[in-house]
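Please read all numbers here as calculations on a predicted model, not as lab measurements.
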Amino acid sequence: MASPIIRILRILVASCALCYAPCVVRLAFCESLPESQRYIRVAIVEEADSLSLKVNGSYEIIDSVRKASLAQGNNLKTTVTVNKNHILIGKVNANTKKVMVKPGRGVVLINGRQFKGKVEFIRKLDGGLLCVNHIDLEEYIKGILYHETSHYWPIEALKAQAITSRTFAVNQMRENKEKDFDVTSDIYSQVYGGKYSERLRTNRAVDDTKGRLLTYQNKVFPAFFHATCAGHTEDASLLWNINILPLKGVACGFCKEAPHFQWHYVLTLKEIRDSLEKGNYNPGEIRDIHISGRDKSGRVTNLKIVSKNKETVISAKDFRQLIGPNIIRSTNFTVAIVNHDAVFEGFGWGHGVGLCQWGAYFMAKQGRAYEEILKHYYPGAEISSY
């Protein structure tokens, strides 16, 4: 039996541990993601006549359809093209739809950009060339985090973004498993730059949250995010066919000092008409624009475009996409016609669903941990581990 002094010391140590222990998240476990399925397929070039390819060190060229090795060697530098039913990689003429290039230990360079993992070249029906990077999920998150946030941001905000981005990626992997790729490398999925995009602090955020993602009722869901919500996040069911508690929208009082909290833009009525016509709307000569509805977060739901002889109704979501999401930065705006111009005054940037990135930034600056940030923006969700 320990002496009284030893027992007192043990009590003191235990008390100190309770006072100074870091916040620990209780990890739930979602449906297992086998190691063989932890590779995501990223379309890095979606339409090309030819691509430059370089591999330093050993490599193997594989027919992805027949699972047959076509060539092996060292230090490859060539051009990839398509000729009728063939994919040409240097001297290798592959009569197949898909060809994989597998490096030994190095990286693959596509048009001068470095990518970890393997690259697959796919012959499209229209004769074009699709290039897909097959990469470990964690390495993929390292290749996007720098583009989706800033590596100078507080580490807790970076961790929150890493978990959000990983969740979004896994959801896309499951939704698109029958397609040639899971995600694109642009703003319509998550911006991915490959090895060049890795930074020390963003890599640390990925490593510190390895395997963690968000689930609701033990299922992965599309963890959307955006730059600035400007006061309230959006209900996903108003934009897409998604109706779950974590994406119903929450009040946000954290992003008031965000650089994109408020915006202003002036367009001529002719510019608006030309953009709408490209989207198969034919409003005629525009004379006025009316806001015909707002949702509970204050965002515009529909617009009425008034011309001399008719009125055209268009959803604010479609209007924003046709005009340009970097011009009409959100659907939370007012519009006034001044002479032949439309003057837009708006708040926030992005669709508004899910994580408000600048809100997460300011929460982290206040000392909030990533668990608290995610709990706020995705109420009812759990942090799980695959």
Worksheet item: Say you draw a straight line from CG of N95 to CZ of R66; how long is it, rounded to the nearest 0.5 Å?
Response: 6.0 Å
Worksheet item: With the threshold set at 4.0 Å, does a side-chain nitrogen-carboxylate oxygen contact exist between E47 and K124?
Response: yes
Worksheet item: Is a donor on one side and an acceptor on the other found under 3.5 Å between the side chain of E138 and the backbone of G211?
Response: yes
Worksheet item: Any side-chain heavy-atom pair from P283 and E277 closer than 4.5 angstrom?
Response: yes
Worksheet item: Any donor and acceptor pair, going by atom type alone, linking the side chain of S297 with main-chain N or O of T233 inside 3.5 Å?
Response: no
Worksheet, complete the sentence: Here the pair of heavy atoms bringing G112 nearest to Y196 is O-CE1, 3.6 Å
Discussion item. Hydrophobic clustering (ILVMFWY, side-chain heavy atoms < 4.5 Å, transitive) - are I110 and L88 grouped together?
Written reply: no
Discussion item. Angle between ring planes, F319 versus F344, binned at 30° and 60°: parallel, tilted or perpendicular?
Written reply: tilted
Worksheet item: What is the distance from atom CZ of F333 to atom CZ of R329, rounded to the nearest 0.5 Å?
Response: 14.5 Å
Worksheet item: Would L322 end up clustered with V300 when hydrophobic side chains under 4.5 Å apart are linked, directly or stepwise?
Response: yes
Worksheet item: Would one find more than 12 heavy atoms of other residues, nucleotides or ligands at under 6.0 Å from atom OH of Y281?
Response: yes
Discussion item. Testing the basics here: between F362 and A258, what is the closest heavy-atom pair and its distance to 0.1 Å?
Written reply: CE1-N, 3.8 Å
Worksheet item: Closest approach of N176 and R41, non-hydrogen atoms and distance?
Response: O-NH2, 2.9 Å
Fill in: Any donor-acceptor pair under 3.5 Å from R38 side chain to L137 backbone
no
Worksheet item: Taking it one step at a time, do H290 and V306 satisfy side-chain contact (heavy atoms from CB on, under 4.5 Å)?
Response: CA-CA 8 Å; H290 297 300; V306 181; 3.5 Å; yes
Discussion item. Would you call the rings of W153 and Y361 parallel, tilted or perpendicular, taking 30° and 60° as the class edges?
Written reply: tilted
Worksheet entry | Side-chain heavy-atom pair Q190, F225 within 4.5 angstrom cut-off | yes
Practice prompt. For side-chain contact (heavy atoms from CB on, under 4.5 Å), just list the numbers for K317 and T301, CA-CA rounded to whole Å, side-chain angles, deciding distance to a tenth of an Å, and then say yes or no.
Written response: CA-CA 7 Å; K317 177 183 71 171; T301 54; over 6 Å; no
Worksheet item: Got more than 12 heavy atoms from elsewhere within 6.0 Å of NZ, K310?
Response: yes
Worksheet item: Is there a donor-acceptor contact under 3.5 Å from the side chain of S185 to the main chain of A43?
Response: yes
Worksheet item: Do we see a donor-acceptor contact under 3.5 Å between the side chains of D63 and T96?
Response: yes
Discussion item. Could you check whether Y146 and R201, counting side-chain N and O atoms only, form a donor-acceptor pair closer than 3.5 Å?
Written reply: no
Discussion item. With rounding to the nearest 0.5 angstrom, report the CD to CG distance, E156 to D208.
Written reply: 9.0 Å
Discussion item. Checking side-chain polar atoms at under 3.5 Å, does E345 have a donor or acceptor matched by the opposite partner on T334?
Written reply: no
Worksheet item: So do the side chains of M100 and I61 get within less than 4.5 Å of each other, counting heavy atoms only?
Response: no
Worksheet item: Is it the case that one hydrophobic cluster holds both L130 and V82, taking links as side-chain heavy atoms less than 4.5 Å apart, direct or via other members?
Response: no
Practice prompt. Evaluate the criterion side-chain contact (heavy atoms from CB on, under 4.5 Å) for residue pair N243 and K248; output intermediate values, then yes/no.
Written response: CA-CA 7 Å; N243 189 13; K248 294 299 289 181; 2.9 Å; yes
Worksheet item: By side chain to side chain donor-acceptor pair (under 3.5 Å), which residues pair with Q366, not counting sequence neighbours?
Response: R368
Fill in: Heavy-atom neighbours of N339 CG exceed 12 at 6.0 Å
no
Worksheet entry | Straight-line distance of L269 CG to I289 CD1, nearest 0.5 Å | 6.0 Å
Worksheet item: Given R299 and D295, is the salt bridge (Lys or Arg N to Asp or Glu O under 4.0 Å) satisfied, shown in steps?
Response: CA-CA 6 Å; R299 292 172 173 83; D295 61 27; 5.5 Å; no
Discussion item. Is it the case that the side chains of N111 and S52 hold a donor-acceptor pair, with the cut-off being a distance below 3.5 Å and no angle test?
Written reply: yes
Worksheet item: When you check the gap from the basic side-chain N to the acidic O, do K304 and D288 get nearer than 4.0 Å?
Response: no
Worksheet item: Are side-chain heavy atoms of V55 and N75 found at a separation under 4.5 Å?
Response: no
Worksheet item: Honestly curious: do I62 and L51 fall in one hydrophobic cluster under the side-chain, below-4.5 Å linking rule?
Response: no
Discussion item. Please report the interatomic distance CZ(F115) to CD1(I44), rounded to the nearest 0.5 Å.
Written reply: 4.0 Å
Practice prompt. For the pair R199 and Y152, evaluate side-chain hydrogen bond (donor to acceptor under 3.5 Å, both in side chains) and give the outcome as yes or no after the intermediate values.
Written response: CA-CA 10 Å; R199 298 293 186 276; Y152 295 116; over 6 Å; no
Worksheet, complete the sentence: Nearest heavy-atom approach of L158 to S150 is CD2-O, 3.4 Å
Worksheet, complete the sentence: Between Q357 and the options Q161, H260, H226, the side-chain hydrogen bond (donor to acceptor under 3.5 Å, both in side chains) test singles out Q161
Worksheet item: Could you state the interatomic distance from OH (Y39) to CG (D182), rounded to the nearest 0.5 Å?
Response: 14.0 Å
Worksheet item: Y140 vs Y192 aromatic rings, parallel, tilted or perpendicular, using cut-offs 30° and 60°?
Response: tilted
Worksheet item: With distance as the sole test, does K98 use its side chain to make a donor-acceptor pair with the main-chain N or O of D180 at under 3.5 Å?
Response: no
Discussion item. When you compare the side chain of V220 with that of L213, does any pair of heavy atoms fall below 4.5 Å?
Written reply: yes
Worksheet item: Looking at D274 and K270, does any basic side-chain N land under 4.0 Å from a carboxylate oxygen?
Response: yes
Worksheet item: Can you find a heavy atom in the side chain of S307 that is under 4.5 Å from one in the side chain of I286?
Response: no
Worksheet item: Out of curiosity, does I187 fall in the hydrophobic cluster containing L145 (side-chain heavy atoms, cut-off under 4.5 Å, transitive links)?
Response: no
Discussion item. Centre-to-centre under 6.0 Å for W240 and F224, is that the case here?
Written reply: yes
Discussion item. Are I40 and I135 packed together at the side-chain level, in the sense that at least one heavy-atom pair is separated by less than 4.5 angstrom?
Written reply: yes
Worksheet item: Strictly by modelled atom types, are E382 and T215 linked by a side-chain donor-acceptor pair under 3.5 Å?
Response: no
Worksheet item: Under the 3.5 angstrom rule, does the side chain of S189 hit a backbone N or O of V183 as a donor-acceptor pair?
Response: no
Worksheet item: Does a side chain donor of either T184 or D186 reach within less than 3.5 Å of an acceptor in the other side chain?
Response: yes
Worksheet item: Are the side chains of L267 and I327 in touch, meaning some heavy atoms are under 4.5 Å apart?
Response: yes
Worksheet item: Under 4.0 Å between a Lys/Arg side-chain N and an Asp/Glu carboxylate O for K195 and E139?
Response: no
Worksheet item: Do E120 and H134 meet the criterion of a side-chain donor-acceptor pair at a distance under 3.5 Å?
Response: yes
Worksheet entry | Note: E198-K116 ion pair, threshold 4.0 Å (strictly below) | yes
